[in-house]
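What follows is a set of notes on a single structure, which appears directly below.
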Amino acid sequence: MSSSPLAALTAAGFRRGELLALAIGPGGELGLAWTSGSWAGELDPAALAAVEAELRPRWTCWSVDPLRELVRRDLRVATCWELAAVHRLLFGGWRADPALSWAALHDLPASGLPESGQLDLLGPAGDEGVDPEQPVRPDGYLRPEWTAGGWAANPDRLTRWAALALAGAELQQQRLATLKVLGNAPATARSESTAELLGAELGEDGLPVNLATAEQLIGSIIGPRPATAAEAAAQRERRDREVLSLVSGDYDLRSPGSVKALLARIGIEVPDTRSWRLEAFREVHPAVAALLAWRKAERIATTYGYDWLDRHVGPDGRLRGQWTGSDGAAGRMTASAGLHNLPAELRPAVAADPGWVLVRADLGQIEPRVLAAVSRDRELARASADADLYAPVAERLGVPRPTAKVAVLAAMYGGTSGNAAAALQGLDAAYPVAMRYLRQAYDAGRAGRSVRTYGGRLVRMWATPDGLSFEEERANSAARGRFARNAVIQGAAAELFKVWAVTIRARATALDARVVLCLHDEVLVHAPEPVAAEAQRLVADCLIEAVRRWAPDDAVHFVADLSVVKRWSEAK
DNA sequence: TCGGTCACGTA
DNA sequence: CGTACGTGACCGAG
């Protein structure tokens, strides 16, 4: 194996765009496998860059780990096939390791999965006298010794492990091809895979943050950075006193029980002490307003304070977290390090580098538009032609716009707010196709049946727990119904969003721009200032391209709000 | 030390 | 009887 990967692939007749599986060992050893060959050797980024440039393969792997290794070595590949992401799409749930994924693709029950520790003690389950270099046991499950890390033991195993990923990917493709959903499941598998790759890049690149601004913002809320633990304690005590000085008695503001006692002392009886509930008592006693202000500051101090800054923002001014391409429920992207719940007050600190800009874009009213698309409701699709979808809906229903909006949201999420009942009936009459779609998801969930999103993601329902009262059982079913109804909308929206995001990722490289944040329906792109206008146009064009690839037809109109800014907070 | 609960930020 | 996520503090059980 002295030749380069590119030479080996070319000699074997590898065609552009084919699946090329890779496995990377802990020491940077590389195994490659494709339909007509394999290769093992040291991971040389330049050699793989040559493969990418020449053959643009679909890099195929069991998990996002090898992709992350490539990203770490500054190798940005165009496309991939990530088996874990596709497993979650096909089979639902969160767990998606090779052992489970392989078993599922062979219709073997998860309950029969061999465990690594017990195997030798209990004796082999059809494993005796069989070649240990063979990763698949006679009973069809993967050998635990391999899945526990043994796959990286030597070059031969590395290529076999890659070949197994290749075989798994092909089985996944067969399943996707026969999946009965309205959307394009194979295409969803590709965009979901690439979203994992995007997540790896987001984790490596980070979100540009102006450290001085961040320090200043935090300082204005909780005071200057304490030099010692004693100073920090003093600051904390000073914050507490702002509230406690307004009441008599000693209370622990961090303990809900104690806060409840404090409130009782000033004549306020509440079932819990959540801010929205206390909001109503703001005028009753000055301590309430002080407590609400304390809560805000405490949130910054504990979750988004100097500690957070030190832990998650590097000296290069990049906020880095761990990204996943899809959560366990409907398939949204998730991020740690506060990237998805950064308080609005801190957003001025998210700023482009000097000479750069942020292109910010968010999808407008994505959920009702997605509902129109996935349910194929022609009438609701007609409403999507309006930049404000709720306006034609309101007109059709003969109600004020706010009522129409509440009714649509209530239909999708089961909202309770006031008297949406009449408007809901109007929706049933005006948009029966969309409403039937929602009802079917709700009924499936209530009955405990799993649902699939438009793009094919299986959303599993949980079983009713034992020993519930009649009332609890009903509440459980209703919760499942709401969950399912929400999942088919939120999940489909997440699928469209990811198509958009990975399209931007692919196109933006031409401008030297990069996606730096994905936030469910919003995307931030860091772009060189001279190409700001082009980058903005690119993001808009990518939405058109994404919708064309994702939607069943062109009946539904999607809109994005776009702006070029220096700071995230400047937008909108 | 751990899981459950409360609370709260984002979409 | 909106849903989803990540985070951090407290609290009671072990």
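Letters A, B, ... mirror the listed sequences (proteins, then strands); counts begin at 1.
Of the candidates C/dC1, C/dG8, C/dT3, the closest approach to any side-chain atom of A/F483 belongs to C/dT3. Side-chain proximity of A/R274 to the nucleotides C/dG8, C/dA9, B/dA7 is greatest for B/dA7. Of the listed nucleotides (B/dC8, B/dA11, C/dA4), B/dA11 has the atom at the smallest distance from the side chain of A/E522. Closest to the side chain of A/P256, out of C/dC5, B/dA7, B/dC8, is B/dA7. Among the nucleotides C/dG6, C/dA9, C/dC1, the one closest to the side chain of A/S336 is C/dG6. Ranking C/dC5, C/dG6, C/dT3 by closeness to the A/N486 side chain, first place goes to C/dT3. The nucleotide whose nearest atom lies closest to any side-chain atom of A/D327 is, among B/dC6, C/dG8, C/dC5, C/dC5.
Rounding to whole angstrom units, CZ of residue A/R360 and C1' of B/dT10 are separated by 14 Å. Straight-line distance from the CZ atom of A/R295 to the C1' atom of C/dC10: 13 Å, rounded to whole Å.
Salt bridge annotation for A/E545-A/R549: present, with a cationic side-chain nitrogen under 4.0 angstrom from a carboxylate oxygen. Using a 4.0 Å cut-off between charged side-chain N and carboxylate O, A/D443 and A/R439 make a salt bridge. Of the charged side-chain nitrogens involved, none lies within less than 4.0 Å of a carboxylate oxygen, so that A/D205 and A/R318 do not count as a salt-bridged pair.
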(request) Using the ring pair (Phe, Tyr, Trp, His ring centres under 6.0 Å) rule, take A/H87 and A/W94 through it: C-alpha gap first, then chi angles, then the decisive distance, then the call. (result) CA-CA 9 Å; A/H87 173 84; A/W94 175 248; over 10 Å; no

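For B/dC6, neither phosphate oxygen OP1 nor OP2 lies less than 4.0 angstrom from any side-chain nitrogen or oxygen of A/T273. Note on A/T303: every side-chain N or O is 4.0 Å or more away from OP1 and OP2 of C/dG6.
The residue A/R347 sits close only to the backbone: its heavy atoms come under 4.0 Å of sugar-phosphate atoms, none of a base. Within 4.0 Å (heavy atoms only), A/R311 reaches sugar-phosphate atoms of the nucleic acid but no base atom. Among the protein residues, A/I489 comes within range of no part of the nucleic acid, since none of its heavy atoms lies under 4.0 Å from any strand. At a threshold of 4.0 angstrom between heavy atoms, the contacts of A/R299 include nucleobase atoms, whether or not backbone atoms are also involved.
Annotation for A/Q322: atom CD does not count as buried by contact number, only 12 or fewer foreign heavy atoms lying within 6.0 Å.
With hydrogens and angles ignored, a donor-acceptor pair under 3.5 angstrom links the side chain of A/R332 to the base of B/dA11.
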